[in-house]
Structure formats: structure tokens, C-alpha cells
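See below for the structure under consideration.
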Amino acid sequence: LEVGGWDTHAQQGLEQGKLANQFKQLADGISLLAQELSPIWQDCCIQIVSEFGRTVSGNGTGGTDHGTAGIMFLIGGAVKGGKIITQWPGLAKEQLYEGRDLMPTMDIRSVFKASLTDHMGLPLSSVNHSIFPQSTAAKKVTSLFKS
């Protein structure tokens, strides 16, 4: 599924505004999805992935611009959740990527590899060869899923 409308640059708002409205729409959609999937929720892994990050500081129009690091959420009954699986880099100027963006800390393919192998049962060799070729540096994250 894809939810558009995230490419905002002005008047994003905090509790109200374009971005706040997008987060409410996402939260409502997740809630409905969990409700509809309740009979099989214990077997589900839903991945919510951003296509791009945002700058840490706002711009002159009350928004943020495209940044480097994004975010990914895993939800569902199959997920061993309740944790952040990367090192938090911090928001101090010297901790930012190029002094403006949240520092990337993980290759997202590492999480996808865990989902494909540990949750869906594909062999890691197939994932590395056919799905994410030339990605051996992106090591699979462990302990994301319930046994």
C-alpha cells in the first residue's frame, strides 16, 4: 500500500497542519488494518517505510526539506516489538549528517532481509542473490520476530 501526500515543505504544523494530518491518517489506517486483520494478526508483520528523510531544522516556510535518513516501523503480532533497533545518533549539529540531516545508521535492506528470511522463510542466500544482489554488507538484523 502507498499513502501519498508526505512530500510537504511548508506549513507542516505540529498538532495541526499538513504533516500532523498525514500522521493521523496513517494512525487511523494502521488501527483499521489491525482491526480487520485481527483473526490473523498474530502472524502479521506490517512494514511502514519512509521514502526519504527530512531535515532536522525547519525552513523559512514552516516546514522541512528532504533529508537523508528515514524511518521504518514494524508492527504486527509476529514482531518482537517495543524497541528501537539502531543507535540514536543525536541531534547536536556535530551529530548530524552534513550538519543538517539525521545521521543514517542502518541499511534498510538489513530489516527487509530479516522480514524475508525470519518471518517469511526465504533462504538468505536467495535474498542476497536475487532480491538484494550485491548487498552482503547489509547484514540481516536478528531478533525482530517472535519464534
Side-chain angles (χ1 to χ4, degrees), residues 1-122 127 130-135 137-147:
L1 301 173
E2 181 179 341
V3 178
W6 293 94
D7 195 5
T8 59
H9 292 270
Q11 282 80 49
Q12 287 175 324
L14 297 174
E15 292 87 25
Q16 298 177 340
K18 293 177 188 177
L19 194 56
N21 292 340
Q22 285 297 113
F23 280 120
K24 181 174 182 342
Q25 180 184 9
L26 177 63
D28 290 348
I30 292 168
S31 179
L32 181 60
L33 186 62
Q35 180 182 348
E36 293 296 318
L37 292 174
S38 63
I40 59 166
W41 187 250
Q42 72 278 0
D43 299 321
C44 289
C45 170
I46 309 299
Q47 300 177 349
I48 302 164
V49 183
S50 68
E51 178 184 359
F52 51 83
R54 299 307 249 170
T55 55
V56 171
S57 297
N59 60 27
T61 62
T64 55
D65 295 317
H66 289 232
T68 303
I71 191 167
M72 179 178 200
F73 297 101
L74 297 182
I75 60 171
V79 178
K80 194 186 304 181
K83 60 187 171 197
I84 297 172
I85 61 166
T86 193
Q87 296 295 319
W88 173 247
L91 295 174
K93 183 89 169 166
E94 64 275 3
Q95 296 168 317
L96 300 178
Y97 180 72
E98 297 183 346
R100 66 185 291 270
D101 298 341
L102 190 62
M103 183 67 69
T105 59
M106 181 182 295
D107 187 323
I108 200 165
R109 295 173 298 181
S110 298
V111 178
F112 287 137
K113 285 180 180 186
S115 298
L116 291 167
T117 59
D118 297 347
H119 180 62
M120 298 180 77
L122 295 175
V127 172
S130 300
I131 299 173
F132 296 120
Q134 301 163 0
S135 70
K139 302 295 183 205
K140 177 182 85 163
V141 177
T142 60
S143 303
L144 291 180
F145 297 95
K146 297 175 183 174
S147 301

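Worth saying up front: this structure is predicted, and the values here are computed from it rather than measured. We're numbering straight along the sequence, starting at 1.
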Item checked: Residue list, side chain to side chain contact (heavy atoms under 4.5 Å, CB included) with T64, at least two apart or on another chain -> Q12, R54, T55
Margin query: I'd like to check L26 versus F73 (side-chain heavy atoms, cut-off strictly below 4.5 Å). Are they in contact?
Written below: no
Item checked: Q11 backbone acceptor or donor facing K18 side chain under 3.5 Å -> no
Check: Side chains of V111 and I85: does their closest heavy-atom pair fall under 4.5 Å?
Finding: yes
What donor-acceptor contacts under 3.5 angstrom involve side-chain atoms of residues 28-48, with partners at least two apart or in another chain?
{"residue": "D28", "atom": "OD2", "partner": "K24", "partner atom": "NZ", "Å": "2.7"}
{"residue": "S38", "atom": "OG", "partner": "Q35", "partner atom": "O", "Å": "3.1"}
{"residue": "Q47", "atom": "NE2", "partner": "S115", "partner atom": "OG", "Å": "2.3"}

Checklist line | Beyond-backbone contact of S50 with W6, side-chain heavy atoms, under 4.5 angstrom | finding: no
Check: Any idea which heavy atoms bring H119 and A78 closest together, and the distance?
Finding: CE1-CB, 3.5 Å
Check: Is a donor on one side and an acceptor on the other found under 3.5 Å between the side chain of K93 and the backbone of G99?
Finding: yes
Note to self: Can you confirm whether E94 is buried at CD, in the sense that more than 12 heavy atoms of other residues, nucleotides or ligands lie under 6.0 Å from that atom?
What the structure shows: yes
Margin query: Which heavy atom of R100 sits nearest to which heavy atom of L96, and what is that distance?
Written below: N-CB, 3.7 Å
Item checked: Other residues, nucleotides, ligands: >12 heavy atoms within 6.0 Å of F132 CZ -> yes
Next item on the list: First locate atom CZ of R109, then atom CD of Q134, and finally report the distance between them rounded to the nearest 0.5 Å.
Entry: 9.5 Å
Next item on the list: Grab the two heavy atoms, one from G4 and one from Q22, that are nearest each other, plus how far apart they are.
Entry: O-NE2, 2.9 Å
Next item on the list: Would you give the length of the straight line joining atom CG of D7 to atom CG of D65, rounded to the nearest 0.5 angstrom?
Entry: 9.5 Å
Check: Taking atom CZ of F23 and atom CG of N21, what is their separation to the nearest 0.5 Å?
Finding: 11.5 Å
Note to self: Just so I know, are the side chains of V79 and F145 near enough to count as touching, which here means a heavy-atom distance under 4.5 Å?
What the structure shows: yes
Margin query: Less than 4.5 Å apart, side chain to side chain, heavy atoms only: is that true for V141 and F112?
Written below: no
Item checked: Pair I71-L102, side-chain contact (heavy atoms from CB on, under 4.5 Å): steps then yes or no -> CA-CA 10 Å; I71 191 167; L102 190 62; over 6 Å; no
Item checked: Interatomic spacing from NZ in K139 to CG in D107 - rounded to 0.5 Å -> 11.0 Å
Notebook entry, point to check: Under 6.0 Å from the CE atom of M120, do we count more than 12 heavy atoms belonging to anything else shown?
Noted result: no
Notebook entry, point to check: Can D101 and H66 be counted as having a side-chain donor-acceptor contact under 3.5 angstrom?
Noted result: no
Margin query: Donor-acceptor pair, distance only, cut-off 3.5 Å: does the side chain of N59 make one with the backbone of H9?
Written below: yes
Item checked: Counterpart residues, side chain to side chain contact (heavy atoms under 4.5 Å, CB included), relative to K140 (two or more places apart) -> K113, A114, T117, D118
Note to self: Minimum heavy-atom separation for A138 and S110, please, with both atom names.
What the structure shows: C-OG, 3.5 Å
